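First up is the structure itself, then whatever we jot down about it.
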Amino acid sequence: MSDALAGHLSIFAFVQEVEIYEILWYIYNKMKNKPKGSQAARLRQRKFDILRRFAIPPDLLPGSLSLSHLHCGKPNCHCRKGAGHAAWSLTFMVDGKKQVHHIPKAWVEDVQKRVHAGREFQDAVRDVLAANAQLLVLTKKQRR
């Protein structure tokens with residue numbers, strides 16, 4: 001083997017060794033700062049159960065779907081004597097501004113499912129964030 005090739009191999013081995021130590025150091029520091037105990041294990045388990053269950057589905061909807069009854073204003077319409085015409089609307093916020101949009105009756109079942117799934121996703125994200133905060137507090141308490 002030539003001296004140049006041997007030099008390159010020893011440099012390569014050194015670089016690999018340094019990378020391994022960096023990886024091990026990173027893992028050690030991450031593990032060292034994790035809270036321990038049954039409460040921390042339960043929080044981590046709850047967090048990862050939620051994370052495994054939810055990928056971000058592309059068709060979730062925010063807000064709420066509501067039914068109201070409107071009177072159309074036509075003098076001979078049946079709605080003048082009854083509750084009115086059923087009208088579905090989706091209400092949600094965009095950039096801090098309330099948006100209200102009419103939903104056709106044929107879309108109501110699909111939109112209801114998507115709003116419900118969106119609410120479940122938001123609740124799951126809140127649960128993960130709460131678990132992260134509680135794990136941080138446990139870490140702080142256990143470092144003392």
Side-chain angles (χ1 to χ4, degrees), residues 5-144:
L5 182 58
H8 286 293
L9 289 177
S10 65
I11 290 171
F12 179 71
F14 175 74
V15 168
Q16 279 186 318
E17 189 175 317
V18 169
E19 287 176 0
I20 290 169
Y21 283 121
E22 287 177 7
I23 291 168
L24 290 174
W25 180 252
Y26 175 78
I27 291 169
Y28 168 76
N29 281 324
K30 287 298 255 183
M31 297 302 287
K32 177 176 79 170
N33 293 327
K34 284 190 178 179
K36 294 171 180 42
S38 60
Q39 184 181 9
R42 280 192 307 275
L43 287 168
R44 277 194 292 277
Q45 185 62 47
R46 185 176 91 199
K47 172 182 159 178
F48 290 115
D49 286 346
I50 291 167
L51 289 171
R52 272 192 295 278
R53 212 173 78 213
F54 286 94
I56 300 177
D59 59 350
L60 300 179
L61 287 172
S64 61
L65 187 64
S66 59
L67 173 65
S68 58
H69 291 84
L70 306 173
H71 297 281
C72 66
K74 295 178 184 174
N76 294 329
C77 185
H78 70 86
C79 73
R80 295 203 83 178
K81 294 180 180 155
H85 298 284
W88 288 92
S89 59
L90 177 66
T91 304
F92 57 95
M93 302 289 281
V94 174
D95 295 328
K97 295 181 181 170
K98 184 176 169 180
Q99 303 273 321
V100 180
H101 294 276
H102 171 73
I103 300 298
K105 194 174 189 176
W107 294 9
V108 168
E109 187 176 332
D110 180 55
V111 170
Q112 264 177 335
K113 288 177 185 175
R114 292 169 60 189
V115 167
H116 180 72
R119 192 165 295 125
E120 282 184 332
F121 183 79
Q122 289 174 331
D123 290 344
V125 168
R126 278 190 280 280
D127 284 348
V128 168
L129 295 175
N132 285 343
Q134 290 171 310
L135 286 165
L136 179 72
V137 169
L138 279 173
T139 300
K140 184 179 172 193
K141 285 180 181 177
Q142 290 178 3
R143 290 181 95 190
R144 292 184 192 159

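No experiment lies behind these values; they were computed from the predicted model shown.
Atom CZ of Arg119 is separated from atom CG of Leu60 by 11.5 Å, given to the nearest 0.5 angstrom. Once rounded to the nearest 0.5 Å, the distance linking NE2 of His71 with NZ of Lys81 reads 13.0 Å. The distance from the CZ atom of Arg42 to the CG atom of Leu135 is 11.5 Å, given to the nearest 0.5 Å. How far CZ of Arg44 is from CG of Leu138: 8.5 Å, rounded to the nearest 0.5 Å. Of the inter-residue distances, the one linking Leu43 atom CG with Gln134 atom CD reads 5.0 Å to the nearest 0.5 angstrom. The CG atom of Leu67 sits 9.0 Å away from the NZ atom of Lys105 when rounded to the nearest 0.5 Å.
Counting only heavy atoms from C-beta outward, the side chains of Val115 and Leu90 approach each other to under 4.5 Å. With contacts defined as side-chain heavy-atom distances shorter than 4.5 Å, the pair His102/Trp107 does not qualify.
By the 6.0 Å contact criterion, CD on Gln142 is enclosed, its count of non-hydrogen atoms from other residues, nucleotides or ligands being greater than 12.
Using a cut-off of 4.0 Å between Lys/Arg side-chain N and Asp/Glu carboxylate O, Asp110 and Lys113 are scored as not salt-bridged.
Between Arg46 and Asp127, the shortest heavy-atom contact is NH2-O, 3.6 Å.
Aromatic ring orientation, His101 versus Phe92: parallel (interplanar angle below 30°, classes split at 30° and 60°).
Paired with Cys79 under the rule side-chain contact (heavy atoms from CB on, under 4.5 Å), one option of Lys74, His69, His85 passes, and it is His85.
Distance alone, capped at 3.5 Å, places no donor-acceptor pair between the Arg114 side chain and the Leu61 backbone.
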Would Gln112 and Trp88 count as a side chain to side chain contact (heavy atoms under 4.5 Å, CB included) here? Give the steps. CA-CA 11 Å; Gln112 264 177 335; Trp88 288 92; 4.2 Å; yes
